[in-house]
Amino acid sequence: MCVIGVPIDDYTMNIAIKCCCQLFRTKDGFALLGCCFRRAIVPTVFTFSTLLDGLIREDRILEAERLFKNLIKQKLCEPDVVTYSTMIKGLCKFGSNDMAIGLLRLMDERGCSWEEVSKMLKEMEDERISPDLQTFNVLVDAFCKEGKVDEAEAVIDIIVERGEVPNIVTYNTLIDGYCLRGEVRKARTLFDSITARGLIPSVITHNTLLNGYCKTLKIEEAMHMFHEITRKGLKPNIVTHNTMLQGLFRVGRCGAARRLFDEMRAQGQVPDECTYRIILDGLCNNHQVEEALSVFHLVGDSKLNSDVMVYTILIDGACKCGMLDIAKNLFHDLTIKGLRPNAWTYCVMISGLCGEGLLKEAKQLFQKMDECGCPPNNVTFRVLLQGYLKNQNYDDVEMLLQQMDGRGYSLDATTLSLLIDQVAAGALDRNMLKLMGRLVPKELMDTPV
DNA sequence: TTAGGGTTAG
């Protein structure tokens, strides 16, 4: 492989692989790795860490783990602190997501992989590879995303004990963690203390807190924060605008959202696909599905409209407004466009069908998921179960519960209480309670009644 | 040249 007669070296190859991985085309990255071997270019720890990160970005945790183990077993390279941190990030990501069944089997219990993480930290110690601030930031982030802010704070204590100084990323992550738990006041206090710690809050810091205000519907504080950014001489970016737009839609201020949209464009800010999704979703949630559909049609065939998420938003909006035919057409259109519905898309469509009592169609779609390589997840099962229960159709309930058990899935509080109600009413067999018990996640058991 | 933080549908 060469460009205009210049042979490709390992440096260039690594950059090319990085590009593939960042574009979610890790497969192409591996094809380039194959090229390396054929061309006697020796891949380095950079190459493998990049590919590992690519796999993790694409949620291909099993393959990431396999690659990581092979690196060591086949002595492909010596993993360094980046390799370990990347693998830890993957394990954390795995522990905090709705898992596919195969992945779940890998872990001893439902969900968490903290043991794996601590084992890996131990390994790093043995290999005398010292975790650095970034490794710890990965852990702070993972704990925050799980809602375990106390653990995140403990990690920060460890950072300080080790004589290291948390950086702005550490604090941004913790601010986000507080916001995710709805503790915006705590987030604000931390935000205000950042300067005293000798750090300067960045646009991301502001955006994070802005998002916290928006999510908790504190729109006045959000507007204040929005203006604070420019007042401080910082430049609001697309994320700032998207966050503020979403906040306005959430409190039903569609007109203000519209004005902000015009304003941002006048300032030269180019809306991105995220802006577009926020607008469509905002309109749908404010009973303006027709308006959302007309925006969608106005945009026409484009990159923006070749997006599964956009279709999912509109299908959901149409279903909730009783426009099931439109929802069905959209679902059909997206496949014609060559787009593949994901678990979320199936979920809103199944939910829409159940809402109209079309259980047979819902069941057919549900069964299609496995065939289409998009296995139903926890939420899909719950939605279908709720559909059956609300329509007083109990034939498939036990089978669905058994399938859930087999896949290592669990019930949420809503579905569980619907099920128990039906047992109490005599519509479902009492013997099913044992099966239901197995499907109750530990956290739900701990919840005080 | 490899890793970390903010917006995006059930």
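Below, read A as the first sequence line, B as the second, and so on, with proteins coming before strands; counting in each chain starts at 1. Since we're looking at a predicted model, the values are computed, not measured.
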Rounded distance (Å) that lies between atom [atom2] of [N] and atom [atom1] of [X]:
X	N	atom1	atom2	value
A:Arg340	B:dA9	CZ	C1'	18 Å
A:Asn242	B:dT8	CG	C1'	8 Å
A:Leu33	B:dT1	CG	P	21 Å
A:Gln246	B:dT8	CD	P	4 Å
A:Tyr276	B:dT7	OH	P	22 Å
A:Ile350	B:dA9	CD1	P	19 Å
A:Phe48	B:dT2	CZ	C1'	12 Å
A:Leu67	B:dT2	CG	P	18 Å

Which nucleotide in the list [options] gets nearest to the side chain of [X]?
X	options	value
A:Phe46	B:dA3, B:dT2, B:dG10	B:dT2
A:Val82	B:dG4, B:dT1, B:dA3	B:dA3
A:Arg277	B:dG10, B:dT2, B:dT8	B:dT8
A:Thr243	B:dG10, B:dT7, B:dG4	B:dT7
A:Asp281	B:dT2, B:dA9, B:dT8	B:dA9
A:Lys89	B:dA9, B:dT7, B:dA3	B:dA3

Under 4.0 Å between a side-chain N or O of A:Lys18 and OP1 or OP2 of B:dT1?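 For B:dT1, OP1/OP2 do not have a side-chain N/O of A:Lys18 under 4.0 Å.
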
Under 4.0 angstrom between A:Asn14 side-chain N/O and B:dT2 OP1 or OP2: no

Could you name each residue pair satisfying ring-ring contact (aromatic ring centres under 6.0 Å, His included) that touches residues 309-339 of chain A, not counting sequence neighbours? A:Phe296-A:Tyr311, A:Phe331-A:Tyr346

May I have all residue pairs that pass ring-ring contact (aromatic ring centres under 6.0 Å, His included) and include part of residues 45-67 of chain A, sequence neighbours excluded? none

Side-chain-base donor-acceptor pair under 3.5 Å for [X] and [N]:
X	N	result
A:Asn137	B:dA3	no
A:Asn377	B:dG10	yes
A:Thr50	B:dT2	no

With sugar-phosphate meaning primed atoms plus P, OP1 and OP2, does [X] contact a base, only sugar-phosphate, or nothing at under 4.0 Å between heavy atoms?
X	result
A:Gln134	base
A:Asp176	sugar-phosphate
A:Val348	sugar-phosphate
A:Gln22	sugar-phosphate
A:Ser202	base
A:Ser85	base
A:Asn285	nothing
A:Asp10	nothing
A:Asp272	nothing

Contacts of A:Asp150 that satisfy side-chain hydrogen bond (donor to acceptor under 3.5 Å, both in side chains) - sequence neighbours left out: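 A:Asp150 satisfies side-chain hydrogen bond (donor to acceptor under 3.5 Å, both in side chains) with no residue once adjacent residues are dropped.
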
Note: contacts of residues 302-326 of chain A with DNA chain B (heavy atom, under 4.0 Å) are A:Met309, A:Thr312, A:Ile313, A:Asp316

Does CZ belonging to A:Arg258 count more than 12 external heavy atoms closer than 6.0 Å?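 No, because the 6.0 Å sphere around CZ of A:Arg258 holds 12 heavy atoms or fewer from other groups.
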
Do the ring centers of A:Phe226 and A:His241 come within less than 6.0 Å of each other?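 Here the rings of A:His241 and A:Phe226 have centres that are less than 6.0 Å from each other.
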
Suppose we screen for ring pair (Phe, Tyr, Trp, His ring centres under 6.0 Å). Which residues come up paired with A:Tyr171, at least two apart in sequence or across chains?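 Testing A:Tyr171 for ring pair (Phe, Tyr, Trp, His ring centres under 6.0 Å), a comparison that skips the adjacent residues, returns none.
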
Identify the heavy atoms of A:Met349 and A:Ala327 that sit nearest to each other, and give their distance. SD-O, 4.0 Å

Take A:Thr189 and A:Arg185 through the test side chain to side chain donor-acceptor pair (under 3.5 Å) and record every step on the way to the result. CA-CA 6 Å; A:Thr189 313; A:Arg185 285 177 73 169; over 6 Å; no

Side-chain polar contacts of residues 213-225 of chain A - donor-acceptor pairs under 3.5 angstrom, sequence neighbours left out - could you list them?
from     : atom 1 : to       : atom 2 : distance (Å)
A:Lys215 : NZ     : A:Asn211 : OD1    : 3.4
A:Thr216 : OG1    : A:Gly212 : O      : 2.8
A:Thr216 : OG1    : A:Tyr213 : O      : 3.2

